[in-house]
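All ligand and atom numbering here is 1-based and tracks the order in the structure.
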Amino acid sequence: MEEFQNESLAGTEITKIGDPKDDDISGMTPAQLEEAKAIGRRELIASLLGRALDLVYLVSMVVLIAQPDSGYMLWLKGFSDSSTVQLTLLTASIITGNLLVSFPLSLYAGHILQHQYHLSRQSFLQWIWRKAKGFFLEMIFSLVLVIILYWIIWMTQGWWWLVAAVGFFFLSVVLGQLAPVLILPIFYKIKLLDPTDQQGPELNRIFKQLTGGTGLSVEGVYRMDLSAETNKANAMLAGLGRTRRVILADTLLDHFSLDEIAVIFAHEVGHHVHHHIRKMILFGGVYSLTAFYLCDLVVRRWLEDTGVVANGLDYANLPIFVLPVLLLTIHLFSTLLEPLQNSLSRHFERQADRFAIDVTQHREAYLSAFSKLAKQNKDDPRPHRLEVLLFHSHPPIAERIAMARY
Ligand SMILES: [Zn+2]
């Protein structure tokens with residue numbers, strides 16, 4: 001599924017720049033740096049394990065289920081004659097199984113580790129509640145998407161991959177519009193920045209000035225209640241068209257100066273000026289077209305190898321048991337393409353950073369804002385180059401600071 005069109009400012013990344021004595025570039029003390037590195041290492045290990053686990057899980061699903069006479073498929077056929085009912089049950093089982101398998105790691109990385117380093121203020125119950133809402137949403141989305149995908153295959157047959165890619169392209173545009181209005185509020189308390197708030201009038205004036213002449217119309221500036229659950233600060237430009245809004249975390253609004261907030265906001269305006277959201281949606285379109293086409297090739301091959309198809313594939317009766325093969329193909333394709341997507345995203349971040357400094361001329365505020373973000377979020381200012389290359393969507397803080405300095 002496409003990610004929603006919002007982007008978060010506070011990255012968690014880095015490449016080695018300059019010489020080692022630059023290590024205090026983020027303004028962190030040696031103890032703070034050590035702590036940030038320790039968190040970064042643990043998060044990386046958890047994320048690598050999580051990826052390995054996902055892969056093992058999907059491969060097991062293929063081995064155990066993706067055969068016409070697998071035990072589970074026989075049980076499903078006995079349960080109901082309806083293909084859609086069978087598909088619903090199969091999808092729900094795969095999603096639930098994935099939740100169970102990945103739960104211990106996500107408890108560690110999402111809750112235990114965050115508390116160990118005093119980043120989170122969420123109680124265990126709050127965390128579980130958030131997780132349950134996420135699971136519920138994921139279940140609904142997955143069921144709808146898988147059922148629609150199969151219907152497209154059954155109905156449009158050999159051209160299904162093209163129809164599905166066009167469909168997903170429009171879906172990502174619609175989701176981009178709906179996400180900030182319908183989905184974000186399920187997880188976070190968000191309210192319009194109160195004009196009577198002491199920062200309100202001043203911030204609105206700054207935002208008007210920064211958006212002037214850029215063609216960016218923002219539906220509003222919102223305050224997101226993050227402090228109740230985390231010490232981390234964040235900002236984002238979310239939504240598309242009429243729902244486009246700036247969302248600033250209260251942790252940011254309460255601890256950053258007006259100039260620092262202005263520079264962070266200007267970074268978000270930079271994304272708009274450089275058409276980053278539009279480009280990401282286009283990239284997503286090409287991405288899903290390629291992914292679905294690959295799925296078509298793989299599924300055909302799989303059915304030939306399992307002996308189901310002798311003379312050409314009958315799309316109108318594409319069997320349900322190939323679902324794990326489809327999911328594994330999409331998973332492998334996304335994993336392989338992730339570094340490319342991340343490098344594009346880092347390129348966009350650098351453009352937005354440069355725009356922010358040029359337009360505000362608040363170089364000092366930019367430097368202090370990123371140094372604050374690194375400290376508050378306990379981000380390793382210089383993760384390993386390979387880690388950045390593969391997994392980071394934002395440039396490392398040290399690189400962002402160095403860019404502004406020189
Ligand atoms: Zn950004």
A cation-pi test, strictly: NZ or CZ of R400 under 6.0 Å from the centre of the six-membered ring of Y366 and no more than 45 degrees from its axis. Yes or no? no
Just checking: H276, one of its N/O/S atoms, less than 2.8 Å away from the Zn ion (ligand 1), yes or no? no
Relative to Y222, does R245 satisfy both conditions: NZ or CZ under 6.0 angstrom from the six-membered ring centre, and within 45 degrees of the ring's axis? yes
Quick one: report the N, O or S atom of H267 that is nearest to the Zn ion (ligand 1). NE2
Is the H267 to F355 ring centre distance short of 6.0 Å? no
If you stand at the Zn ion (ligand 1) and look out to OE1 of E349 and NE2 of H271, what angle do those two lines make, to 10°? 110°
Can an N, O or S atom be found in E268 less than 2.8 Å away from the Zn ion (ligand 1)? no
Note: R301-D305 ion pair, threshold 4.0 Å (strictly below): yes
